[in-house]
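Just so it is clear, the model here is predicted, and its values are computed rather than measured. Reckoned from all heavy atoms, side chains included, excluding hydrogens, waters and symmetry mates.
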Amino acid sequence: MKTLIVNGKILSPAPLPWGYAILIEDGRIAAVAPGAHVVGASRDFPADLPRLDAGGHWVVPGLIDIHVHGGSGSDTMDADPQALPNMARFFAERGVTSFLPTTVATSAEQVTAAIQRVGSYRQTSDGARVLGIHLEGPYLQHQYRGAQPPQHLRLAHPQEYLPWLESGLVKLFTVAPEIEGVLSLIERGSAVGVKFAVGHSAASYETMRDAVAKGLTQSTHTFNGMPPLHHREPGVIGAVLTETCIYAQVIADGVHLHPAVVKLVFEAKGVRRTVLITDAVRAAGAADGTHRLGDQIITVKDGIARTDSGSLAGSTLTMDQALRNAHAFTNRPWDELLPSATCVAAESLGLADQIGSLKPGAYADVVFMDEDFQPRLTMVAGEVVFQKK
């Protein structure tokens, strides 16, 4: 099936001149070129080629959330077979076309069950794409556990984690490098394509350098779940900000990080090494009140999720709002910020040739945004999965 997207302001993610069109064929981008050139000179398409009119809106790559626990009342850890489809639909409404459902520290049996649910998930006709799974824990530092349940934090043993790696479904794994057995895990997992992020960690700068040498390339919710930067003991933050290979995940909700710190990360790392995430929990899109996160009950007040002890427990952020917030916090233009929610997230997972940009060969994951960057239409692999009425 072929479709031509016309009458849009294309950010690919760099802006293209007005009049460009996007040709979609069999779920992928076939061409991005001036409209007359696509339909006429370069290829012999019939005059009645189906067209999708963008109505003058921004036409951008689909947003990608690589760290999200849940939304719209559902969570990655739910046994309910409708949880992932429900999350996928909710995220698509917010402009997300691909995501990594994310776990919390829990028992080996529960981690395995979550992986199996992702493995059996089938793409819905009205939701975002599931890319695999992000394991946040269980090999995390107790002192900086945040909302991670302490009873499930433990050392890393191959007999436990090797089946997870061998599943082929684990795409990202958040770990504390100083925990016994984790450096070996990073080395073994990196060899089979798993990406590793430091998080909930008190690792020294030297241990971080060792972890990077073995394959660690990301920082989970940077500045959260780790010690503050010290000028004589740079630690995790010092390594994240200075190691050029590390992608820094950022929760731009104005709660987890002060707006000035969001701006600082973008300045220090650059857009090409900063990844916007939500770290959203099931309360995203729901009213304030009590909600479950893993084994515990959290309370959401004024949109802020906390445990009984007062620790932040994920967020209620959505990816489109994260992008709008980053725009407000940094004063950077949309086209400059867009990669942090699209192609840079894809690059961080080694998927830049498949998702995150509007280039020939990539999946036709497309979002129409209005002038305020509110999603109007979401398309996954060339199929419209959400349209605002």
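- For the side-chain hydrogen bond (donor to acceptor under 3.5 Å, both in side chains) test, no residue two or more places apart in sequence or in another chain qualifies with S190.
- The ring pair (Phe, Tyr, Trp, His ring centres under 6.0 Å) check on H67 picks up H69, H134, H221, with sequence neighbours excluded.
- For R324, the CZ atom sits in a packed shell: over 12 heavy atoms of surrounding residues, nucleotides or ligands are nearer than 6.0 Å.
- Listed for the D253 side chain is a donor-acceptor partner under 3.5 Å among the backbone atoms of V255.
- Checked options R94, K388, R376; the residue passing with D320 is R94 (criterion: salt bridge (charged side-chain N to carboxylate O under 4.0 Å, His left out)).
- H157 contributes no side-chain N or O that, together with a main-chain N or O of Q159, makes up a donor-acceptor pair within less than 3.5 Å.
- At least one side-chain heavy atom of P177 sits less than 4.5 Å from a side-chain heavy atom of M208.
- Other residues, nucleotides and ligands contribute at most 12 non-hydrogen atoms within 6.0 Å of the CD atom of E180.
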- Please step through side chain to side chain donor-acceptor pair (under 3.5 Å) for the pair S348 and Q218, ending with a clear verdict. CA-CA 8 Å; S348 76; Q218 293 205 37; 3.2 Å; yes
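- Hydrophobic cluster of L172: the remaining members, joined at side-chain heavy-atom separations below 4.5 Å, are I64, I66, L100, L131, Y247, I251, V275, I277, L317, V344, L349, L351, I355, Y363, listed by chain and number.
- Smallest separation of non-hydrogen atoms from P61 and V367: O-CG2, 4.4 Å.
- Every side-chain hydrogen bond (donor to acceptor under 3.5 Å, both in side chains) that Q354 has, sequence neighbours left out, goes to R28.
- R332 places none of its side-chain heavy atoms less than 4.5 Å from the side chain of K263.
- For H327, the ring pair (Phe, Tyr, Trp, His ring centres under 6.0 Å) partners are W334, not counting sequence neighbours.
- Applying the side-chain contact (heavy atoms from CB on, under 4.5 Å) rule to A283 yields the partners V281, H291, V300, T316; only residues at least two apart in sequence or on another chain are considered.
- In summary, the side chains of S204 and E233 do not present any donor paired with an acceptor at a separation below 3.5 Å, with no hydrogens or angles considered.
- Within the 3.5 Å criterion, the main-chain N or O of A202 finds a donor-acceptor partner in the side chain of E178.
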